[in-house]
Amino acid sequence: MTDVLHEAARRRTFAIISHPDAGKTTLTEKFLLYGGALGKEAGSVKARAGRKSVTSDWMEMEQKRGISITSAVLQFTYRDCVVNLLDTPGHRDFSEDTYRVLAACDAAIMVLDAAKGIEAQTLKLFEVCRQRQLPLITFLNKWDRPGREALELVDEIESKLGIVVTPVTWPVGYAGDFRGVVDRRDGVFTRYTRTARGSTMAPEEEVDPERAAAEEGEAWTAAMDELELLDEVGAEPDRELFLAAETTPLFVGSALTNFGVAKLLDAVVDHVPPPSPRLDVKDEARPLDAPFSGFVFKVQANMDRSHRDRIAFIRVCSGQFERGMVVTHGRTGKPFATKYAQQMFGQDRETVDEAYPGDVIGLVNATDVRVGDSLWLEPPVEYPPIPSFAPEHFSVARVRDTAKFKQFRRGVSQLDEEGVVQVLREAEVGDQAPIFAAVGPMQFEVAVDRLENEFGAPVELRSTSYRLARRTDAASTALLRGMRGVRVVERADGTLLALFESPFWVERLEADHPELVLDRLVAEGAAG
Ligand code: G4P
C-alpha cells in the first residue's frame with residue numbers, strides 16, 4: 001500500500017450533531033480526554049470557563065454568549081487512527097455552516113438527551129445527514145440522571161426519523177441509577193465508577209454475564225429482558241445498512257461522567273468509514289492516491305483579530321498535501337501557494353506540514369477562494385458544488401452612513417463569497433439595498449456585526465415578510481414582476497429567485513400559471 005492509501009485508511013472524519021444542550025460540547029471534550037489530546041489543553045479546561053474553549057470561540061459575540069458560531073476542527077490520534085472531529089455550530093439557531101461542515105464529513109454522531117429524545121434541531125440536522133446519506137451513530141446521553149426508558153427512545157428515533165436503530169450497548173440500571181452497559185456483541189457487562197465531574201477517565205470493570213446477573217440483580221434481568229425484545233425484532237447492527245444510512249448503531253452513556261465514552265470512541269474507529277474516492281462533477285471517482293486535491297467547505301475571515309486574515313478550510317480528498325506546494329485553484333485556474341497552510345485545533349493554530357485524505361487544512365490569505373471551490377495538482381478535478389440551502393429569512397440591508405457606501409459594498413460582497421449570508425439584489429435597487437437571505441437569523445447578526453466592526457460600515461437591517469424562494473428564469477420573471485406578493489431578485493452567480501411570503505401563494509401561482517418556472521431550491525424541506 002502506498003503511504004497515501006495507508007494514511008487515508010487511518011482517517012476517521014466526522015461531526016457531532018445535536019440539539020443545543022444535549023451534550024455535544026461535553027462529549028467533544030471527553031473525546032479529547034480519551035484521545036489523549038487534552039494534555040495540551042488541560043490548562044484551559046481546568047479553568048472551567050474554558051470548558052467550551054476547545055471549540056472556537058473567536059468572535060466577541062460568541063464569547064459574550066458562550067456559543068460557538070464558527071466551526072473548528074479537532075484532530076487527535078486514537079488507537080492507530082487519526083480522528084478528525086469537525087465542530088458544527090452549537091447554538092439554537094440554524095445556519096448554513098452546519099450543512100457545509102457535514103459535506104466535509106464521512107459520518108456523524110447524533111447525540112440525544114435521554115430525557116428529551118428527538119428535539120427540533122436534531123430532526124433538521126438528521127434530515128441533512130439523510131440527504132447526504134451520511135452514516136450515523138446515535139449516542140443516548142445523560143443516562144446518569146432521570147430520563148426516559150431506553151426502549152421508548154428507540155421507538156421514538158425510529159418513528160420520528162425513519163431509521164432503524166441497532167443498539168450496540170444497552171443500559172443496565174434505569175436512567176438516574178446507571179450502573180453500566182452490556183455490550184450486545186459479546187454479552188459482557190461494563191461497570192462504571194463515577195469520578196468527580198468526570199475530569200478523569202471513568203474506571204471501568206468488565207464483568208462476565210453470570211457475575212453481572214448475581215451482582216446487579218433486577219437491573220441486569222431488566223436489561224436482559226429488553227435485549228431479548230430487541231433480538232426478536234432483529235435489530236442487529238449491519239455494516240452495509242449502516243454505511244447506506246439505513247440503520248444507526250446505538251450507544252448509551254453519560255458524557256459528563258465519562259460512562260460509555262470509550263466505547264463510543266472505539267465505535268468511531270470501528271464504524272466510521274475511512275475516506276473513499278470522491279466523485280467529481282462528472283461522477284468520476286478521484287482515486288485516493290491520485291495527486292493532491294480537495295474542496296473548500298468553509299471560508300472564514302477575521303479569525304484572528306490581530307491578523308485580519310481569511311482562511312479557507314479544505315477537506316483533502318486525494319493525495320498527500322505538503323506545505324509549500326503550489327496547487328491550482330480550479331475556478332480561476334490560478335496557482336495558489338500553500339506556504340502558510342495551517343491546522344486548527346480549536347482556537348490554536350499550528351503549521352501543518354502534511355495532510356492526507358480526510359484531513360482538513362486551513363489555507364491562510366485565500367483571497368479569491370470560495371466555498372465549493374476545488375484545488376488540485378494535475379490532473380485537474382472539479383468537485384460538485386456544496387449546495388446552498390433554501391433560505392427562510394430575508395432582510396433588506398442599508399448602510400447607515402452613506403459616506404461608508406464603498407466599505408459597505410466591499411463587505412457585502414465578501415460576506416456573500418464566504419457564505420455568511422446569501423446576498424440578493426433587485427435589478428432596480430442593486431447594491432444600495434441588497435436583501436440578505438439566511439437559513440437562520442443568527443447569520444444576520446454575524447453579518448451586521450462584521451460589516452460594522454470589520455468593514456467600518458454600520459448597517460440597518462429591515463426584516464421582510466418573505467419566507468421562501470424559488471428559482472425562476474428570465475421569461476417567468478417578466479410575468480412575475482407584474483404580480484402581487486412576489487419579488488424577483490438575483491444572486492451574485494446570476495440565479496434568479498422569486499421570493500414569496502407563503503407556500504400557499506406559490507401553489508396557487510403554480511396551479512394558475514403552469515408555464516411559470518418555479519423550481520425548489522436544493523435541500524428545501526431540510527431547512528424547513
Ligand atoms: P451542547 O454543546 O450540546 O449545547 O451541550 P453541553 O455539552 O454544553 O451540555 C449542556 C449541559 O448538559 C451542561 O450543563 C452539561 O454539563 C450537561 N451535560 C452534558 N452531558 C451530560 C451528561 O451526560 N449528564 C448530565 N447530567 N449532564 C450532562 P450546564 O449546566 O449547562 O453547564 P455546566 O455548568 O454543567 O458546565
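Read the numbers this way: they start at 1 and go in the same order the structure lists the ligands and their atoms. Below, each value reflects all heavy atoms present in this structure, side chains not excepted, and no hydrogens, waters or symmetry copies.
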Quick one: does W143 get an N or O within less than 3.5 Å of an N or O on ligand 1?
-> no
Hey, are R191 and E215 close enough for a salt bridge, meaning a charged N less than 4.0 Å from a carboxylate O?
-> yes
Only one of V83, V268, N84 forms a side-chain contact (heavy atoms from CB on, under 4.5 Å) with T13, so which one is it?
-> N84
Contact check: A255 vs ligand 1, nitrogen or oxygen atoms, below 3.5 angstrom = yes
Contact atoms of ligand 1, heavy-atom distance to T26 under 4.0 Å =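 Listed by number with element: 6 (P), 7 (O), 9 (O), 15 (C), 19 (C).
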What residue among R315, R12, R11 forms side-chain contact (heavy atoms from CB on, under 4.5 Å) with D106?
-> R315
Atoms of ligand 1 under 4.0 Å from any heavy atom of P20, numbered from 1 in the order shown, are 4 (O)
Taking only heavy atoms of S18 into account, list the atoms of ligand 1 that are under 4.0 Å away from them.
->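 The list of qualifying atoms is 3 (O).
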Parallel, tilted or perpendicular: rings of F178 and Y192 (30°, 60°) |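 Plane angle between 30° and 60°, so tilted.
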Run the numbers for me: atoms of ligand 1, each under 4.0 Å from some heavy atom of K24, listed by number.
-> 1 (P), 2 (O), 3 (O), 5 (O), 7 (O)
Has ligand 1 got any nitrogen or oxygen that is less than 3.5 angstrom from a nitrogen or oxygen of L27?
-> no
Atom 20 (N) of ligand 1: which of N141, L140, T28 has the nearest heavy atom?
->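 Answer by nearest heavy atom: N141.
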Which of the atoms of ligand 1 are close to D21, meaning less than 4.0 Å from one of its heavy atoms?
->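 Near D21, meaning under 4.0 Å from one of its heavy atoms, ligand 1 has 1 (P), 3 (O), 4 (O), 5 (O), 10 (C), 12 (O).
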Pair F189 and W220, ring centroids less than 6.0 Å apart | yes
Between Y34 and Y78, is the gap from one ring center to the other below 6.0 Å?
-> no
Do any N or O atoms from the side chain of E152 and from the backbone of R148 form a donor-acceptor pair under 3.5 angstrom?
->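 Not a single qualifying donor-acceptor pair exists.
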